[in-house]
2 protein chains.
Amino acid sequence: MTKLPAIPAGQLNRRAGVIKALAHPSRLRIVLALERGERCVCELRQLVKADVSTVSKHLALMKRAGLLDERKAGLYVYYRLRVPCILRFLDCVDAVLEHAPPATRPRHYVKKSPIKRRTTR
Amino acid sequence: MTKLPAIPAGQLNRRAGVIKALAHPSRLRIVLALERGERCVCELRQLVKADVSTVSKHLALMKRAGLLDERKAGLYVYYRLRVPCILRFLDCVDAVLEHAPPATRPRHYVKKSPIKRRTTR
DNA sequence: AGGTAATTTGGTCATATTACCAAATAGTAT
DNA sequence: ATACTATTTGGTAATATGACCAAATTACCT
């Protein structure tokens, strides 16, 4: 049995941070959309069917993680993929799913009802 | 501007599930350890410094996601990487981090104190 | 059967994530 | 300045995740 090298925790944390930034269906949808080139928030907002604020936060998160870059032009903000190798990885993910075990159901958060809200502020 | 294909939500959910299974420092540590071949839980448990039950749950999660396979031999359970392309992806992640923005700090959960617990059960 | 070691399962609790809305900010134009 | 549009930021609430402990399970022994 070979010796295990013991990778420093900080490095693993940073890597996990990048991967987490990718680990959400809407964010994947955005990344895939950016395959062909930059898009403004207004386009991505239609693609992902969620509140603009939600989309904006997904974008900010991915930018912080180093996945995306941003370009402001007048009223618009255009985002683009910073590192294209991300796209190749999705093929590997599909390989995992290929002859995969029966149930891999991730279940993502979905807002239940738009119930009443306090109007503090 | 080209037409966007609109990928079905189910597919994105499944992909995100696989990626999420990878998006944790301890799980990355495990995956990296399995690069050289299978390991029993008892080995991985020492590698990741966490309660065995925690490690076991990480392993179960990754197995459910299709990342790992398991082989039982007597008292031991050996886990191994099911799809090796995962490892190449980590290079891409490092590329993202390479000349990345200043702060990418993911902050993972750390139990505060082992305070008293009820002994119900 | 009873004993011991490896692993999994169930419970609980703290923290992280993510959704929406509402309001703030920024840019353009009238 | 006012009006209008695009995007971000702040707040709140629901859900998901991940840590540990304790107990259950499984397999191999005497």
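No experiment lies behind these values; they were computed from the predicted model shown. Per chain, numbering begins at 1; letters A, B, ... match sequence-line order.
Residues passing the side chain to side chain donor-acceptor pair (under 3.5 Å) test with D51(B), sequence neighbours excluded: S53(B). F89(B) pairs by the ring pair (Phe, Tyr, Trp, His ring centres under 6.0 Å) definition with F89(A), not counting sequence neighbours.
Closest contact between the side chain of S53(A) and the listed nucleotides dT8(C), dA22(C), dT7(D) involves dA22(C). Proximity note for V41(A) (side chain, C-beta onward) versus dC20(D), dT8(D), dT17(C): the nearest is dT8(D). Comparing atom distances between the H24(A) side chain and each of dA19(C), dT8(C), dA6(D) picks out dA19(C) as nearest. Closest to the side chain of L75(B), from the set dA19(C), dA5(C), dT5(D), is dA5(C). Of the candidate nucleotides dT7(C), dT8(D), dT17(D), dT7(C) has the atom nearest to the side chain of V52(B). Comparing dA6(D), dC20(C), dT8(D) by their closest approach to the side chain of T54(A) singles out dC20(C). With distances taken from any side-chain atom of C40(B) to the nucleotides dA26(C), dT7(C), dC20(D), the minimum falls on dT7(C). Residue R27(B) has its side chain nearest to dG18(D) when only dG18(D), dA16(D), dT18(C) are considered.
If you check every strand for non-hydrogen atoms under 4.0 Å, A60(A) touches nothing. Residue contacts shown for Y79(A) are limited to sugar-phosphate atoms, with no base heavy atom under 4.0 Å away. Nucleic acid contact for K57(A): base, since at least one base atom lies under 4.0 Å from a heavy atom of the residue.
OP1 or OP2 of dT17(C) has not a single side-chain nitrogen or oxygen of H58(A) nearer than 4.0 Å. When the side-chain nitrogen and oxygen atoms of K20(A) are compared with OP1 and OP2 of dT17(C), one or more of them lie within a distance under 4.0 Å.
Shown here for N13(B) and P25(A), the closest heavy-atom pair between the two residues is OD1-CG, 3.1 Å.
The NZ-P distance, from K49(B) to dG18(D), rounds to 20 Å in whole Å. Counting to the nearest Å, the P atom of dT18(C) and the CG atom of L22(A) are 12 Å from each other. Summarising the geometry, the separation between CG on L59(B) and P on dT8(C) is reported as 7 Å, rounded to the nearest angstrom. As rounded to whole Å, 15 Å separates atom C1' of dT8(D) from atom CE of M62(A). In this structure, Y76(A) places its OH atom 18 Å from P of dA26(C), rounding to the nearest Å. Computed from coordinates, the I30(A) CD1 to dT18(C) P distance equals 12 Å when rounded to whole Å. Rounded to whole angstrom, the span from the CG atom of D51(B) across to the P atom of dA14(C) amounts to 18 Å. Look at CD on Q46(A): it is 10 Å from P on dT7(D), rounded to the nearest Å.
Under a cut-off of 6.0 angstrom, the local environment of CZ in R88(B) is sparse, with at most 12 non-hydrogen atoms contributed by other residues, nucleotides or ligands.
Mapping A73(A) and A50(A) onto DNA chain C via the closest heavy atom, the residue that lands nearer the 5' end is A50(A).
Between D69(A) and K63(A) no salt bridge is recorded (no basic side-chain N to carboxylate O distance below 4.0 Å). Checked for salt-bridge contact, E43(A) and R45(A) miss the test: no charged N lies under 4.0 Å from a carboxylate O.
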